Amino acid sequence: MPELPEVETTVAGLRSVLEGRALLRVEPRRADLRFPIPVDLRQRLTGATVTGLSRRAKYGLIETDRGDMMIFHLGMSGRWRIDPAEIGAHDHLLIETREGRLLSLNDPRRFGSVDLVRADAWSQYSPFTRMGPEPLGPDFDADRLAAALAGKATSIKAALLDQRIVAGLGNIYVCEALNMAGIAPTRAAGKIGRARLVLLVEAIRSVLTAAITAGGSTLRDYARPDGELGYFSKQWRVYGREGESCPCGGVVRRRIDGGRSTFYCAKCQK
DNA sequence: CCCAAGTCCTGGTAGC
DNA sequence: TGCTACCAGGACTTGG
């Protein structure tokens, strides 16, 4: 389920259970997800106390008082379950706190990952080394986006999905932001004018912030034993709405780019 | 059969 | 021809 807003709200949910808490039990239930789970993960985390949780792009970061940091990614279908009633085939990592709270990383497709690094070297973790700025952070603005897109012949949609350009966007929010900014997804990334990039930056920030707010409001559901942290799909302007009306009155179209659906409105996105 | 929110890797091509 | 950069597309997996 995860693009940046979903990971942000997931981390917030985990924080309420884990921050400042000692880990009584850490139990991988299989050897790998997308890649192997470190064999010493159980040993290094068991008995440690969680000192902080944070997020980088679509990755969640959990730091302990032993100087370790667990880094997880939810892939396409991953989620954390809190106090699940029962453990199923797709519950791949269990974490129990000393207070008796149980967390389970559940991921049917196993495109997610779990890794462990030294906290003081977290920024050297390979997925992070060439990653672009946080879209909600101070290093993302029209100037820097223009510099990152300069000379790029690829489409703006593909460019925004490239985590080296800006980190944390996925298919849904790229479609939404391009619609909000009135930019056609097929437009060459390097040929978008300055004024439109200003609108695009604002649209990206706006759509992510709204999704985080909506996600935060569903945390109660998320904390339910079988609850899910959903995308706020009722608020999507174009994603998953082929044939329906765009806010501008046009009709939402769908096309396939690189095997992925792109939802857009030809009337207002140029 | 179709479709699905993730990243990584490969192979083709353009340009120097 | 060889090297590099860039880019498009496929692979991975399970379930609805």
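Keep in mind that this is a model prediction, so the values were computed, not measured. Reminder, nothing fancy here: chain letters follow the sequence lines and each chain counts from 1. Worth knowing before you read on, the calculation uses all heavy atoms, side chains too, and leaves out hydrogens, waters and symmetry mates.
- Each of A/Arg25, A/Arg21, A/Arg101 was checked for a salt bridge (Lys or Arg N to Asp or Glu O under 4.0 Å) with A/Glu96, and the lone residue meeting it is A/Arg25.
- With hydrogens and angles ignored, a donor-acceptor pair under 3.5 angstrom links the side chain of A/Arg109 to the base of B/dA4.
- Residue A/Ser261 is in sugar-phosphate contact alone, with no base atom involved, counting any heavy-atom pair closer than 4.0 Å across all strands shown.
- Cation-pi geometry between A/Arg109 and A/Phe111 is met: the NZ or CZ atom falls under 6.0 Å from the ring centre, inside 45° of the normal.
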Ring pair (Phe, Tyr, Trp, His ring centres under 6.0 Å) assessment of A/Phe263 paired with A/Trp236 = CA-CA 11 Å; A/Phe263 295 90; A/Trp236 291 339; 8.9 Å; no
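- Classification of A/Asp120 and A/Arg118 as a salt-bridged pair fails, no side-chain N sitting under 4.0 Å from a carboxylate O.
- Atom pair A/Trp236:CH2 and B/dA4:C1' shows a separation of 11 Å (rounding to whole Å applied).
- Going from atom CG of A/Asp115 over to atom C1' of B/dC8 covers 15 Å, rounded to whole Å.
- Distance, A/Leu74 CG to C/dC12 C1': 17 Å, rounded to whole Å.
- A gap of 23 Å separates the P atoms of C/dC7 and B/dA5, to the nearest Å.
- Below the 3.5 angstrom threshold, one finds a donor paired with an acceptor across the side chain of A/Arg34 and the base of B/dT7.
- Salt-bridge annotation for A/Glu134 and A/Arg55: present, with a side-chain N of the basic residue lying under 4.0 Å from a carboxylate O of the acidic one.
- For the pair A/His90 and C/dG15, the criterion of a side-chain N or O lying under 4.0 Å from OP1 or OP2 is met.
- The side chain of A/Met76 sits closest to B/dG6 out of C/dA8, B/dC3, B/dG6.
- Atom pair A/Asp107:CG and B/dA5:P shows a separation of 15 Å (rounding to whole Å applied).
- Atom name P, nucleotides C/dT13 and B/dT10: the rounded distance is 16 Å, in whole Å.
- Comparing A/Gly259 and A/Leu161 against DNA chain B, the residue whose closest nucleotide sits nearer the 5' end is A/Gly259.
- The side chain of A/Phe111 approaches B/dG6 more closely than any other nucleotide in the set B/dT7, B/dA5, B/dG6.
- The CG-P distance, from A/Leu149 to C/dC6, rounds to 13 Å in whole Å.
- For the pair A/Asp91 and A/Arg29, the salt-bridge criterion is not met [side-chain N within less than 4.0 Å of a carboxylate O].
- For C/dA8, the OP1/OP2 oxygens have a side-chain nitrogen or oxygen of A/Thr154 closer than 4.0 Å.
- Partner assigned to B/dT7 is C/dA11, using Watson-Crick or G-U wobble distances below 3.5 angstrom.
- Remark: C1' of B/dT7 and CG of A/Asn171 are 13 Å apart, rounded to the nearest angstrom.
- Atom pair A/Ile256:CD1 and B/dA4:C1' shows a separation of 11 Å (rounding to whole Å applied).
- The distance from atom CG of A/Asp162 to atom C1' of C/dC6 is 11 Å, rounded to the nearest whole Å.
- Candidate nucleotides C/dC7, B/dA5, B/dC3 were compared by shortest atom distance to the side chain of A/Lys152, and C/dC7 ranks first.
- Between A/Ala153 and A/Arg260, the residue anchored nearer the 5' end of DNA chain C, judged by the nucleotide with its closest heavy atom, is A/Ala153.
- For A/Arg110 and B/dG6, a side-chain-to-base donor-acceptor distance below 3.5 Å is absent, hydrogens and geometry of angles not being considered.
- In this structure, A/Arg164 reaches neither bases nor backbone, as no heavy-atom distance under 4.0 Å exists between it and the strands shown.
- Here the nucleotide nearest the side chain of A/Lys58, chosen from B/dT7, C/dC7, B/dA5, is B/dT7.
- In this model, the phosphate group of B/dA5 is not approached by any side-chain N or O of A/Tyr173 to a distance below 4.0 Å at OP1 or OP2.
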